[in-house]
Amino acid sequence: MRAESHLRVGEQWMMADEPQQAADEFAAAIEDGGSTFGNPSVYLARALFALGRDQEAEQLLAVLTAKRESVTPRTCDLVAELLTEQGDLRRALEWATAGVQHCVARADDNELQLLLRLRYRIRVDLGLDEDDYDRMLDATHRQG
């Protein structure tokens with residue numbers, strides 16, 4: 001429960017535009033190692049980018065990328081959103097796609113719609129043509 005508390009406090013510091021305090025809380029969540037609703041490494045990377053510590057943020061993302069096959073769809077979503085904020089749409093698309101693939105493999109509908117929509121927005125921004133996942137979004141939207 002303590003890790004979750006650190007994560008939530010860190011989010012509040014980010015909203016207050018205090019990324020150093022946020023980074024400290026996110027690091028505490030990682031150190032605690034307890035269960036959290038989102039991967040604290042992604043939140044720490046966001047705070048580090050806000051502090052101009054891009055190299056450290058990229059190192060955290062590299063660790064996540066190395067274990068991308070085992071992360072949750074929620075982590076994929078968080079990383080894709082972060083990379084979109086950073087203007088790295090190609091890598092954001094890779095993460096959103098990985099998240100969709102995780103959802104399909106695990107029959108996880110909770111994150112699927114969110115990731116499909118995020119992926120579609122990124123693809124539109126990149127000027128890419130419609131693909132099978134975009135059609136999946138259309139099909140699931142019609143069913144709902």
Side-chain angles (χ1 to χ4, degrees), residues 1-15 19-141 143-144:
M1 190 77 178
R2 191 175 8 221
E4 179 73 24
S5 296
H6 284 298
L7 193 63
R8 291 187 185 274
V9 169
E11 286 184 303
Q12 295 300 309
W13 280 120
M14 284 299 288
M15 287 179 13
Q20 183 57 61
Q21 286 86 347
D24 293 343
E25 292 294 336
F26 298 142
I30 293 168
E31 186 175 317
D32 180 83
S35 176
T36 57
F37 67 92
N39 188 316
S41 294
V42 182
Y43 292 88
L44 179 55
R46 177 174 277 119
L48 292 172
F49 277 126
L51 291 166
R53 294 163 53 187
D54 295 9
Q55 189 172 20
E56 291 173 70
E58 288 293 347
Q59 288 172 344
L60 284 172
L61 292 177
V63 170
L64 288 169
T65 300
K67 54 185 180 181
R68 182 166 44 201
E69 295 305 314
S70 65
V71 300
T72 65
R74 179 75 182 136
T75 296
C76 292
D77 174 50
L78 292 169
V79 174
E81 289 282 359
L82 174 59
L83 291 169
T84 299
E85 290 169 11
Q86 296 301 311
D88 191 343
L89 296 181
R90 290 279 174 196
R91 280 198 313 166
L93 179 60
E94 290 172 12
W95 275 96
T97 301
V100 168
Q101 292 167 341
H102 287 328
C103 286
V104 170
R106 299 172 185 177
D108 178 355
D109 290 338
N110 293 330
E111 292 284 330
L112 182 60
Q113 289 300 308
L114 182 69
L115 283 159
L116 284 170
R117 282 192 290 276
L118 173 60
R119 189 178 177 284
Y120 176 77
R121 285 192 337 256
I122 295 167
R123 289 179 55 76
V124 167
D125 288 347
L126 287 170
L128 299 175
D129 292 334
E130 185 177 69
D131 69 0
D132 289 339
Y133 288 131
D134 296 332
R135 288 184 279 284
M136 180 188 291
L137 176 61
D138 290 341
T140 57
H141 184 70
Q143 291 173 357

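Residues Arg46 and Phe49 are not in side-chain contact: their nearest non-hydrogen atoms beyond the backbone lie 4.5 Å or more apart. In this structure the side chain of Glu111 never reaches within 4.5 angstrom of the side chain of His102, judged on heavy atoms. Side-chain contact between Leu89 and Leu83: absent, with no pair of heavy atoms (C-beta onward) separated by less than 4.5 Å. Considering only heavy atoms from C-beta on, Leu51 stays 4.5 Å or farther from Glu56 through its side chain. For the pair Val63/Ser41, no side-chain contact is recorded, criterion being any heavy-atom separation below 4.5 Å from C-beta on. Put simply, the side chain of Ile122 does not reach to within 4.5 Å of the side chain of Arg90, judged on heavy atoms. Between Leu93 and Arg119, the closest side-chain pair of non-hydrogen atoms falls below 4.5 Å. The closest side-chain heavy-atom distance from Thr97 to Glu94 is not below 4.5 Å.
With hydrogens and angles left out, the side-chain atoms of Gln20 and Asp24 include a donor and acceptor closer than 3.5 Å.
With values rounded to the nearest 0.5 angstrom, His6 atom NE2 is found 11.5 Å from Ile30 atom CD1. To the nearest 0.5 angstrom, Asp131 atom CG is 11.0 Å from Tyr120 atom OH.
Under a 3.5 Å cut-off, the side chain of Glu4 and the backbone N or O of Phe37 do form a donor-acceptor pair.
Across Leu137, Leu116, Leu118, a single residue satisfies side-chain contact (heavy atoms from CB on, under 4.5 Å) together with Val100, and that is Leu116.
A side chain to side chain donor-acceptor pair (under 3.5 Å) check over residues 70-80, counting only residues at least two apart or in different chains, returns the pairs Thr72-Thr75, Arg74-Asp77.
For Asp54, the side chain to side chain donor-acceptor pair (under 3.5 Å) test picks out no residue, with sequence neighbours left out.
Note: Tyr43 and Phe26 have tilted aromatic rings, judged against thresholds of 30 and 60 degrees for the angle between ring planes.
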